[in-house]
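When reading the values below, keep in mind they use all heavy atoms of this one structure, side chains included, and skip hydrogens, waters and symmetry mates.
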Amino acid sequence: MKRIARLALALGTAMLLTSVGHAEQKTFKIWWFEEPTTAQGIVWKKALEEFKAKHSDINVSFEQKTFQQLQASGGMILNSDQAPDVLEYNKGNATAGLVASQGLLTNLDDYVKKEGWDKILNEGDFVLSRYDEKGIYGSGPVWGVSVFGEYVSCFYNIDMFEKAGLKPPTTLEEWVADMEAFKQKGLTPLALGAIDTSGQHLLASLAYTKADDAWVQNYQGLKAPLDGAPYLYAAQTLLDWVKKGYINKDSTGMKDPDAALLFTSGKAPMYVSGTWNLGTFASTIKDFKWGQFVIPTPKYSVGSTGNLWVVPKGSKNPDLAAEWISLTLSPKYQAELGNAGGVPIAADLSVITNPIGKNAAAVFKQISDKSGLGFYPDWPVPGYYDVLNQKDTGLFQGSLTAEQFVEQIKQVYDDTQENQ
C-alpha cells in the first residue's frame with residue numbers, strides 16, 4: 001500500500017509540474033492585415049517561422065486581420081483584453097494618432113535606443129511614428145515603427161502602351177493625351193474603384209497637382225480651415241474624365257479589387273493604386289508586361305512610410321514585440337521584402353535582385369528624398385476615410401456637383417479643425 005501511495009504521490013506531483021509548466025508557457029500574439037500574397041505578407045510569414053524557431057518555448061500565435069476590421073474597430077480592440085502583443089496599424093492622425101492620444105499604445109522611445117532603430121531609420125522615417133498629446137503627427141513620442149514604404153502610382157500595361165505607340169506620361173497633359181488615345185481605340189483607359197480607396201487616392205493625386213508645401217502641411221496638420229481650391233480642381237477634373245469616357249462607366253459601384261481585376265486580366269491599360277499591389281501583381285500577371293509611373297505632380301505624391309508596428313498598452317510581452325519589430329527591420333528581411341516586390345525602407349539596393357522591388361524602392365527613395373510624400377487624404381480627421389469614400393461615390397454617381405463635394409468634405413474637416 002505504501003508503494004502504491006508513493007507512486008500516486010509521484011504521479012500527482014509530475015502531473016502538477018506538467019500543469020504548471022503549461023500554465024506558465026507564454027503566449028505571444030501577432031496580428032497583421034497584409035494579404036498573404038503581398039510582399040509584406042510573404043516576407044513576414046518567413047520572419048514568423050524564424051521567430052517561432054528561436055522561441056520554441058513560447059506559444060507564438062498569429063492572426064490574419066483585415067484593414068477594414070482595424071479601421072472600424074481598432075480603438076475598441078486596443079482598449080480590451082483581446083488586444084495582441086504587437087500588431088500592424090494604419091498610420092496618421094485619425095488612426096495611430098487617435099489611439100495614441102487615448103493612451104492605448106506603448107511609448108517606444110526606450111526601445112528606439114535599445115534596439116538601435118535610430119541607427120537604421122532617419123528622422124524623416126519617424127515622422128509618422130511620432131504623435132503629440134492631441135494625436136497630431138510629427139512630434140512627440142514614438143508610438144509605432146514602419147518597416148516599409150508605400151506610394152500611389154499608376155500601373156500600366158506595357159504591351160498595350162507599346163501597341164498604341166505610347167510612352168508613360170511625365171506631365172498631366174501627357175497623361176490626358178494617353179487616355180484620349182486609348183479612348184479613340186475603343187478602350188476605357190482607367191480602371192477605378194470609385195467607392196473604395198483608389199477613388200480617393202486618384203482624387204488626392206489630382207489635388208496635389210495644385211498643392212504647395214503650405215497647403216499640404218496645413219491640411220495634414222489641421223493647422224487651418226480647409227482651402228478647398230485643390231479639391232475643387234480635382235473633383236471637376238474627375239467629372240470631366242467620366243464624361244469623356246476615360247474612367248470605366250461601372251466605377252461608380254465598383255470596389256478596388258474589382259477594378260484591379262480589370263487591369264490584371266488585360267482589359268484596362270491603366271489602374272491607379274498603391275505599391276501594396278506589387279507582390280500580388282508580380283505573382284498573378286503572366287500574360288503581359290506591366291510597370292508603374294508616378295502620377296505627374298509638381299512635388300507631392302500620395303504615399304508615406306508604411307503602416308506601423310504598434311505595441312498595445314496592455315501588451316504582456318513588450319520586449320518580445322520589440323524583438324519582432326527588429327527582426328522585420330533587419331537587413332535580411334528588408335532585402336527579402338525588396339526581392340518579393342515590396343518597398344523596403346532600410347535595404348541596401350545593391351542586394352535587391354528583383355527588378356520590380358528594386359525599381360519600387362528607388363522610386364520611393366526619389367519621392368522621399370525630395371520630401372514629396374504628401375500622405376493620404378483621409379488622415380487628418382477621424383472617420384474621414386468613410387466620408388471621402390461616400391462623397392467620392394456621390395461625385396461619380398452624379399448626386400453631388402464638384403462644388404457640393406468640396407462644401408461637404410470641408411464642413412467635416414473644418415468642424416474637427418475648429419474643435420481640436
Tyr300 pairs by side-chain hydrogen bond (donor to acceptor under 3.5 Å, both in side chains) with which of Thr209, Asp212, Asp213?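 Only one option passes, and that is Asp213.
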
Nearest atoms (heavy-atom pairs only) where [X] meets [Y]:
{"X": "Ala340", "Y": "Ala39", "answer": "O-CB, 3.8 Å"}
{"X": "Leu104", "Y": "Gly75", "answer": "CD1-O, 3.6 Å"}
{"X": "Lys391", "Y": "Leu400", "answer": "O-CD1, 3.7 Å"}
{"X": "Ile295", "Y": "Ser153", "answer": "CG1-C, 4.2 Å"}
{"X": "Val302", "Y": "Ala204", "answer": "CG2-CB, 3.8 Å"}
{"X": "Trp44", "Y": "Trp324", "answer": "O-CH2, 3.6 Å"}

Please lay out, stage by stage, how Leu226 and Gln417 fare under the test side chain to side chain contact (heavy atoms under 4.5 Å, CB included). CA-CA 9 Å; Leu226 177 62; Gln417 193 276 330; over 6 Å; no

Would Phe33 and Phe67 count as a ring-ring contact (aromatic ring centres under 6.0 Å, His included) here? Give the steps. CA-CA 6 Å; Phe33 54 76; Phe67 175 83; 5.5 Å; yes

With a 4.5 Å cut-off on side-chain heavy atoms, are [Y] and [X] touching?
{"X": "Thr27", "Y": "Val60", "result": "no"}
{"X": "Leu78", "Y": "Leu87", "result": "yes"}
{"X": "Leu206", "Y": "Leu238", "result": "yes"}
{"X": "Thr328", "Y": "Gln334", "result": "no"}

Side chain to side chain donor-acceptor pair (under 3.5 Å) evaluation trace for Asp256 with Tyr271: CA-CA 10 Å; Asp256 199 45; Tyr271 165 64; 3.0 Å; yes

Mind listing the side-chain donor-acceptor pairs of residues 169-176 below 3.5 Å, one per line with the distance, residues two or more places apart or on another chain?
| unit_1 | atom_1 | unit_2 | atom_2 | d |
| --- | --- | --- | --- | --- |
| Thr170 | OG1 | Glu174 | OE1 | 2.9 |
| Thr171 | OG1 | Glu174 | N | 3.1 |
| Glu174 | OE1 | Thr170 | N | 2.7 |

Verify the neighbour count for atom CG of Asp287: are there more than 12 heavy atoms of other residues, nucleotides or ligands below 6.0 Å?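 Counting other residues, nucleotides and ligands, CG of Asp287 stays at 12 neighbours or fewer.
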
Is the count of non-hydrogen atoms from other residues, nucleotides or ligands lying under 6.0 Å from Lys365 atom NZ greater than 12?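 No, because the 6.0 Å sphere around NZ of Lys365 holds 12 heavy atoms or fewer from other groups.
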
Do the rings of [X] and [Y] sit parallel, tilted or perpendicular, given the 30° and 60° boundaries?
{"X": "Trp215", "Y": "Tyr219", "answer": "parallel"}
{"X": "Phe155", "Y": "Phe263", "answer": "tilted"}
{"X": "Trp309", "Y": "Trp32", "answer": "perpendicular"}

Ion pair present between [X] and [Y], side-chain N to carboxylate O less than 4.0 angstrom?
{"X": "Asp118", "Y": "Lys113", "result": "yes"}
{"X": "Lys410", "Y": "Glu403", "result": "no"}
{"X": "Lys91", "Y": "Glu150", "result": "yes"}
{"X": "Lys167", "Y": "Glu162", "result": "no"}

Apply ring-ring contact (aromatic ring centres under 6.0 Å, His included) to residues Phe62 and Trp31 and explain how you reach the verdict. CA-CA 6 Å; Phe62 162 69; Trp31 291 0; 9.8 Å; no

Partners meeting side-chain hydrogen bond (donor to acceptor under 3.5 Å, both in side chains) with Glu88 (sequence neighbours left out):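 Per chain and number, Glu88 pairs via side-chain hydrogen bond (donor to acceptor under 3.5 Å, both in side chains) with Asn307.
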
No-hydrogen, no-angle side-chain donor-acceptor test under 3.5 Å, Thr305 and Asp125: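 No, because no side-chain N or O of Thr305 sits under 3.5 Å from a partner of the opposite role on Asp125.
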
So among Phe375, Tyr376, Tyr131, which one has a ring-ring contact (aromatic ring centres under 6.0 Å, His included) with Tyr137?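 It is Phe375, the one option of Phe375, Tyr376, Tyr131 that forms the ring-ring contact (aromatic ring centres under 6.0 Å, His included) with Tyr137.
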
Do Ser350 and Asp348 pass the side chain to side chain donor-acceptor pair (under 3.5 Å) test, and can you show the C-alpha distance, the side-chain angles, and the key distance before you say yes or no? CA-CA 5 Å; Ser350 68; Asp348 179 354; 2.7 Å; yes

May I have the step-by-step check of side chain to side chain contact (heavy atoms under 4.5 Å, CB included) for Ile30 and Leu48, ending in yes or no? CA-CA 9 Å; Ile30 304 173; Leu48 182 62; 3.8 Å; yes

Proximity of Phe182 and Phe161 rings by center, below 6.0 Å: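 Aromatic pair counts; centres sit under 6.0 Å.
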
Can you check side chain to side chain donor-acceptor pair (under 3.5 Å) on Thr37 and Thr280, steps first, answer last? CA-CA 5 Å; Thr37 56; Thr280 303; 3.1 Å; yes

Glu50 vs Lys332, salt bridge (Lys or Arg N to Asp or Glu O under 4.0 Å): CA-CA, chis, key distance, verdict: CA-CA 12 Å; Glu50 179 176 329; Lys332 174 182 177 180; 2.9 Å; yes

List the residues meeting salt bridge (charged side-chain N to carboxylate O under 4.0 Å, His left out) with Lys65, not counting sequence neighbours, and say none if there are none.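 For Lys65 the salt bridge (charged side-chain N to carboxylate O under 4.0 Å, His left out) partners, ignoring immediate neighbours, are Glu63.
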
Result of checking Tyr385, Tyr384, Tyr231 against Pro377 for side chain to side chain contact (heavy atoms under 4.5 Å, CB included):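 Single side chain to side chain contact (heavy atoms under 4.5 Å, CB included) partner of Pro377 among Tyr385, Tyr384, Tyr231: Tyr231.
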
